[in-house]
Amino acid sequence: MKKDNLYIITGGPGVGKTTLIDELAKNNFQVVQEDARKIIKQQHSVSGEGLPWKNKDLYAELMFNASVRSYDEVNVEASMPIFFDRGILDSICYMKMENIPISKKKNEILKKYAYNKKVFILPPWEEIYKTDDERKQSWDEAQATFTRMKETYSEYGYKVIEVPKINARERVDFLLNEISR
């Protein structure tokens, strides 16, 4: 299975990932939207417990499974880059941050579901950070998430590339330049 064209865009909350993903989509790249927000919206709509401020274990499980499904749904044989707004390892990072045990089975799944070794991380950007109904983390939590994401992806053998704080169009150019190296 070809995986060199699957790229993760990650980082803490409120750093412009969705804006960057949307800009990539406007430029005709295949993108995969973030699963975490979808889960939160879905759980809200059914008064579910799988929310990060209610049942962290259930939320982590839902996030992990949704990320695997999102991976399965892309055409990994495509030759063009495919960009993911967060990857499966983001749910592992969340689990580590919340002290939720990571099963041997999950680690085995991670070996099967690999991405390009270049992972793009967006740093905390206080000027654009804001909370909303699905994003309740404080600024300090957002900064801590960034640090843990870098550590988690590095621990699993990925090369973490920090994307500069520039506008979305320039960020697309940055990504494409890094990919072509």
Side-chain angles (χ1 to χ4, degrees), residues 3-25 29-40 52 59-60 62-71 73-74 76 81-98 100 102 106-107 109-111 113-126 128-132 134-166 168 170-179 181:
K3 298 170 182 129
D4 287 346
N5 64 325
L6 306 180
Y7 291 92
I8 295 170
I9 298 171
T10 192
V15 295
K17 289 182 308 298
T18 302
T19 301
L20 177 53
I21 286 286
D22 291 346
E23 187 68 25
L24 286 160
F29 286 100
Q30 183 178 347
V31 299
V32 178
Q33 298 294 335
E34 179 182 11
D35 290 305
R37 279 188 171 264
K38 291 179 205 171
I39 291 165
I40 291 170
Y59 175 71
L62 292 170
M63 203 166 50
F64 184 88
N65 293 336
S67 296
V68 169
R69 274 192 311 278
S70 290
Y71 186 107
E73 290 170 1
V74 299
V76 294
I82 299 170
F83 295 95
F84 289 76
D85 186 342
R86 299 196 178 282
I88 299 169
L89 269 176
D90 284 61
S91 59
I92 297 296
C93 179
Y94 175 78
M95 294 169 79
K96 288 177 171 220
M97 291 178 72
E98 297 299 336
I100 297 169
I102 299 160
K106 280 188 177 52
N107 276 314
I109 289 170
L110 289 172
K111 291 175 188 170
Y113 289 84
Y115 301 83
N116 188 288
K117 288 299 179 185
K118 290 181 181 179
V119 169
F120 297 100
I121 191 165
L122 281 62
W125 193 350
E126 195 164 14
I128 66 169
Y129 184 77
K130 61 181 182 239
T131 57
D132 58 31
E134 288 112 32
R135 181 187 302 129
K136 297 180 184 280
Q137 297 96 331
S138 70
W139 173 243
D140 289 342
E141 289 171 316
Q143 291 177 295
T145 300
F146 168 77
T147 301
R148 292 299 295 270
M149 286 291 179
K150 279 178 81 169
E151 292 169 357
T152 300
Y153 276 96
S154 295
E155 177 187 334
Y156 281 84
Y158 288 89
K159 179 184 178 193
V160 181
I161 300 168
E162 192 168 322
V163 179
K165 296 176 187 175
I166 50 183
E170 293 169 321
R171 282 180 158 183
V172 167
D173 292 340
F174 177 85
L175 263 63
L176 297 178
N177 286 335
E178 285 293 326
I179 287 170
R181 286 182 180 206

Participant: Taking all non-hydrogen atoms of both residues, which atom of Phe146 and which atom of Leu122 are closest, and how far apart?
Facilitator: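 Residues Phe146 and Leu122, closest heavy atoms: CD1-O, 3.5 Å.
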
Participant: Do you know the tightest heavy-atom contact between Ser154 and Val160?
Facilitator: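 It is OG-CG2, 3.7 Å.
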
Participant: Looking at every heavy atom in both Met149 and Ile121, which two are closest together, and how far apart are they?
Facilitator: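 Closest heavy-atom pair between Met149 and Ile121: CB-CD1, 3.8 Å.
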
Participant: Do the non-hydrogen side-chain atoms of Asn65 and Asp35 ever get within less than 4.5 Å of each other?
Facilitator: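 No; the side chains remain at least 4.5 Å from each other.
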
Participant: Look at the side chain of Tyr71 and the backbone N and O of Ala114, then say whether any donor-acceptor pair between them is shorter than 3.5 Å.
Facilitator: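 Checking the backbone N and O of Ala114 against the side chain of Tyr71, a donor-acceptor pair under 3.5 Å is found.
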
Participant: Taking side chain as C-beta onward, heavy atoms only, is Leu110 less than 4.5 Å from Leu89?
Facilitator: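 Leu110 vs Leu89: side chains touch.
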
Participant: Test side-chain contact (heavy atoms from CB on, under 4.5 Å) on Leu6 and Phe83 and set out the steps.
Facilitator: CA-CA 6 Å; Leu6 306 180; Phe83 295 95; over 6 Å; no

Participant: For the CZ atom of Phe84 and the OG1 atom of Thr10, what is their distance to the nearest 0.5 Å?
Facilitator: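 The CZ atom of Phe84 sits 13.0 Å away from the OG1 atom of Thr10.
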
Participant: Which pair of heavy atoms, one from Pro123 and one from Val15, lies closest together, and at what distance?
Facilitator: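 That closest heavy-atom pairing would be O-CG1, 3.2 Å.
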
Participant: Please determine whether a side-chain nitrogen of the Lys or Arg among Lys96 and Glu155 lies less than 4.0 Å from a carboxylate oxygen of the Asp or Glu.
Facilitator: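 Between Glu155 and Lys96 there is a salt bridge, with a charged N closer than 4.0 Å to a carboxylate O.
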
Participant: Supply the atom-to-atom distance Met63 CE to Arg86 CZ, rounded to the nearest 0.5 angstrom.
Facilitator: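 Atom-to-atom, Met63:CE and Arg86:CZ are 8.0 Å apart.
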
Participant: Let me see the working for Arg171 and Asp173 under side-chain contact (heavy atoms from CB on, under 4.5 Å), right down to the final yes or no.
Facilitator: CA-CA 5 Å; Arg171 282 180 158 183; Asp173 292 340; over 6 Å; no

Participant: Which residues pass the side chain to side chain contact (heavy atoms under 4.5 Å, CB included) test with Asn116, sequence neighbours left out?
Facilitator: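 Expected list: Asp4, Tyr7, Lys118.
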
Participant: Got Val163 and Ile9 here, is their nearest side-chain heavy-atom distance under 4.5 Å?
Facilitator: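 Answer no - side chains too far apart.
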
Participant: Are any non-hydrogen side-chain atoms of Leu20 and Val172 less than 4.5 angstrom apart?
Facilitator: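 Counting from C-beta outward, Leu20 and Val172 do come under 4.5 Å.
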
Participant: Write down the atom of Met95, the atom of Ala60, and the distance for their closest heavy-atom approach.
Facilitator: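 Nearest heavy atoms, Met95 then Ala60: CG-CB, 3.6 Å.
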
Participant: Under the rule for side chain to side chain contact (heavy atoms under 4.5 Å, CB included), what residues qualify as partners of Glu178, not counting sequence neighbours?
Facilitator: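 Checked Glu178 against side chain to side chain contact (heavy atoms under 4.5 Å, CB included); matches are Phe120, Ile161, Phe174, Arg181.
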
Participant: Taking atom NZ of Lys117 as the centre, does the number of heavy atoms from other residues, nucleotides or ligands within less than 6.0 Å exceed 12?
Facilitator: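 Result for NZ/Lys117: enclosed.
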
Participant: Between Tyr94 and Tyr59, is the ring centre distance below 6.0 Å?
Facilitator: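 Yes, close enough.
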
Participant: Which heavy atom of Ser67 sits nearest to which heavy atom of Gly87, and what is that distance?
Facilitator: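 Nearest pair, atom of Ser67 first, then Gly87: OG-O, 4.1 Å.
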
Participant: Within the structure provided, determine whether Gln33 and Ile21 are in side-chain contact (heavy-atom separation under 4.5 Å).
Facilitator: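 Yes, at least one pair of side-chain atoms sits under 4.5 Å.
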
Participant: What distance separates Ile82 CD1 from Gln30 CD, expressed to the nearest 0.5 Å?
Facilitator: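 The distance works out to 4.0 Å.
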
Participant: Side chains of Lys38 and Leu62: closer than 4.5 Å at any heavy-atom pair?
Facilitator: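 The answer is no, as the side chains (C-beta and beyond) never meet within the 4.5 Å cut-off.
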
Participant: Evaluate Asn107 against Tyr156 for side-chain contact (heavy atoms from CB on, under 4.5 Å), listing each step before the verdict.
Facilitator: CA-CA 10 Å; Asn107 276 314; Tyr156 281 84; 2.9 Å; yes

Participant: Examine the side chains of Asn5 and Tyr115 and answer whether a donor and an acceptor come within less than 3.5 Å of each other.
Facilitator: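 The answer is no; no qualifying pair exists.
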
Participant: How long is the gap from OG1 on Thr152 to CE on Met97, to the nearest 0.5 Å?
Facilitator: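 With rounding to 0.5 Å, OG1 (Thr152) is 8.5 Å from CE (Met97).
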
